[in-house]
Amino acid sequence: ATVGQAFTFTVPAFTDPNGDPLTYSATGLPANGLSFNPATRVISGTPSMSGTVNVTITATDPGMLSAQTSFAITISPAASGTVTPPPSGSFTLTQPTYNCSTGAITFNTSGGDGTAITYTAIGVSRPGNTGNTGTIEAGLRSDPKPLNISATQSGVTVSYVFNFAAFCAGSRVGVEPAEALQVTVFGNPTQSETVEVEIRGAEGQTVQLNAVSGKGTSVSELTVKRAGAIERQTVRLGSEAGVYLLNISTNTQRRTVKIVRQ
């Protein structure tokens, strides 16, 4: 954003595995001309002060379970004089390198001046804002939407919209359609550290199960090399009460189930 210029940004929708309606709120927006509309998830306004604004977005379901994501908005001072745009093609983002099975992604650029590049991509877990590798978060992979990637080098910002769902669908052209993946969790909600899971529709395939805490931390992983017609497994949850997401995936299908540990 830039002081004195209109700014707008739509926060990508959160995903609730049960399809519950979500209520949004934002914290961290100071009285500098920016505001958040929870109905449209839009941050907009005309900033009056430069600096960095750290924003936290919270989504809450009817059962008062919530999730958060945080990001920074950098507000630059108003430009003085005439700014000459960089030559066309001097610095660009190109199609990322993406692994459809694991969600691993690498941002790719061309051109530039060799200085450090800062990347922004909401929905991608990375060790830092200058790293060009990361993993698309499980929630976004289970409800895929185009990924907005931006890169900034020496004050020049470029962007790329990556439709990874279409990318992965294209990479599987010619694969015979499989029976729909069905997942049943027995005893949900639970007071135990483990739950029994039944999987159908993955016979003969390799199945990966990954339980993730509400903080986004992986708490257990399990691989079934060759699933039966009715595959039953015991999945370990964390030691703390709360909401866990169980991601179940094969080479062609993925399901995410919400588990509540009381």
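Since the structure is predicted, the reported quantities are computational estimates derived from the model, not experimental observations.
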According to ring pair (Phe, Tyr, Trp, His ring centres under 6.0 Å), who are the partners of [X], at least two apart in sequence or on a separate chain?
{"X": "Phe7", "answer": "none"}
{"X": "Tyr160", "answer": "none"}
{"X": "Tyr119", "answer": "Phe107"}

Taking side-chain hydrogen bond (donor to acceptor under 3.5 Å, both in side chains) as the test, write out the residues that go with [X], two or more places apart.
{"X": "Glu193", "answer": "none"}
{"X": "Thr58", "answer": "Gln68"}
{"X": "Thr184", "answer": "none"}
{"X": "Thr69", "answer": "none"}

Shortest non-hydrogen contact from [X] to [Y]?
{"X": "Asn210", "Y": "Val212", "answer": "ND2-CG2, 3.6 Å"}
{"X": "Phe71", "Y": "Ile122", "answer": "CD2-CD1, 4.2 Å"}
{"X": "Leu22", "Y": "Phe14", "answer": "CD1-CB, 3.7 Å"}
{"X": "Ile199", "Y": "Ala202", "answer": "CG2-CB, 4.3 Å"}
{"X": "Gly4", "Y": "Thr46", "answer": "C-CG2, 3.5 Å"}
{"X": "Ile117", "Y": "Gln153", "answer": "CG1-NE2, 3.5 Å"}

Pairing donors with acceptors under 3.5 angstrom, does anything connect the side chains of [X] and [Y]?
{"X": "Asn108", "Y": "Thr97", "answer": "yes"}
{"X": "Ser70", "Y": "Thr56", "answer": "yes"}
{"X": "Thr60", "Y": "Thr23", "answer": "no"}

Determine whether [X] and [Y] fall in the same hydrophobic cluster, where Ile, Leu, Val, Met, Phe, Trp and Tyr are linked whenever their side-chain heavy atoms lie under 4.5 Å apart.
{"X": "Leu245", "Y": "Leu181", "answer": "no"}
{"X": "Val243", "Y": "Ile259", "answer": "no"}
{"X": "Ile57", "Y": "Leu65", "answer": "no"}

Margin query: I'd like to know whether Tyr244 forms a side-chain contact (heavy atoms from CB on, under 4.5 Å) with Val195, so could you lay out the CA-CA distance, the side-chain angles of the two residues, the decisive distance to 0.1 Å, and finally the verdict.
Written below: CA-CA 11 Å; Tyr244 293 82; Val195 291; over 6 Å; no
Could you note down all residue pairs passing salt bridge (Lys or Arg N to Asp or Glu O under 4.0 Å) where [range] supplies at least one of them, sequence neighbours left out?
{"range": "residues 37-47", "value": "none"}
{"range": "residues 104-117", "value": "none"}
{"range": "residues 2-27", "value": "Asp16-Lys258"}
{"range": "residues 95-108", "value": "none"}

Verify, without hydrogens or angle tests, whether [X] (side chain) and [Y] (backbone) share a donor-acceptor contact under 3.5 angstrom.
{"X": "Asn247", "Y": "Thr256", "answer": "no"}
{"X": "Asn188", "Y": "Val260", "answer": "yes"}
{"X": "Arg126", "Y": "Gly131", "answer": "yes"}
{"X": "Gln182", "Y": "Gly201", "answer": "no"}
{"X": "Arg236", "Y": "Ala211", "answer": "no"}
{"X": "Gln205", "Y": "Thr250", "answer": "no"}

Please report the interatomic distance [atom1]([X]) to [atom2]([Y]), rounded to the nearest 0.5 Å.
{"X": "Ser249", "Y": "Arg255", "atom1": "OG", "atom2": "CZ", "result": "12.5 Å"}
{"X": "Leu93", "Y": "Ile149", "atom1": "CG", "atom2": "CD1", "result": "6.5 Å"}
{"X": "Gln191", "Y": "Leu237", "atom1": "CD", "atom2": "CG", "result": "12.5 Å"}
{"X": "Arg254", "Y": "Cys100", "atom1": "CZ", "atom2": "SG", "result": "10.0 Å"}
{"X": "Ile248", "Y": "Ser142", "atom1": "CD1", "atom2": "OG", "result": "10.5 Å"}

Checklist line | Evaluation steps, side-chain contact (heavy atoms from CB on, under 4.5 Å), between Ile75 and Leu34 | finding: CA-CA 11 Å; Ile75 305 171; Leu34 295 180; 4.2 Å; yes
Report yes if some heavy atom in the side chain of [X] is under 4.5 Å from a heavy atom in the side chain of [Y]; otherwise report no.
{"X": "Phe36", "Y": "Val55", "answer": "no"}
{"X": "Tyr24", "Y": "Val11", "answer": "no"}
{"X": "Phe164", "Y": "Ile105", "answer": "no"}
{"X": "Leu147", "Y": "Leu140", "answer": "yes"}
{"X": "Val197", "Y": "Val183", "answer": "yes"}
{"X": "Val257", "Y": "Pro17", "answer": "no"}
{"X": "Pro21", "Y": "Pro62", "answer": "yes"}

Check: Going through the distances and angles, do Val53 and Leu29 end up as a side-chain contact (heavy atoms from CB on, under 4.5 Å)?
Finding: CA-CA 7 Å; Val53 177; Leu29 286 173; 4.0 Å; yes
Margin query: Once side-chain hydrogen bond (donor to acceptor under 3.5 Å, both in side chains) is applied, what residue pairs with a partner in residues 220-232 remain, sequence neighbours excluded?
Written below: Glu231-Gln233
Item checked: Within 6.0 angstrom of Glu198 CD, more than 12 heavy atoms from elsewhere ->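 Counting other residues, nucleotides and ligands, CD of Glu198 exceeds 12 neighbours.
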Check: What do the steps show when you test Thr102 against Thr135 for side-chain contact (heavy atoms from CB on, under 4.5 Å), and what is the final call?
Finding: CA-CA 8 Å; Thr102 65; Thr135 303; over 6 Å; no
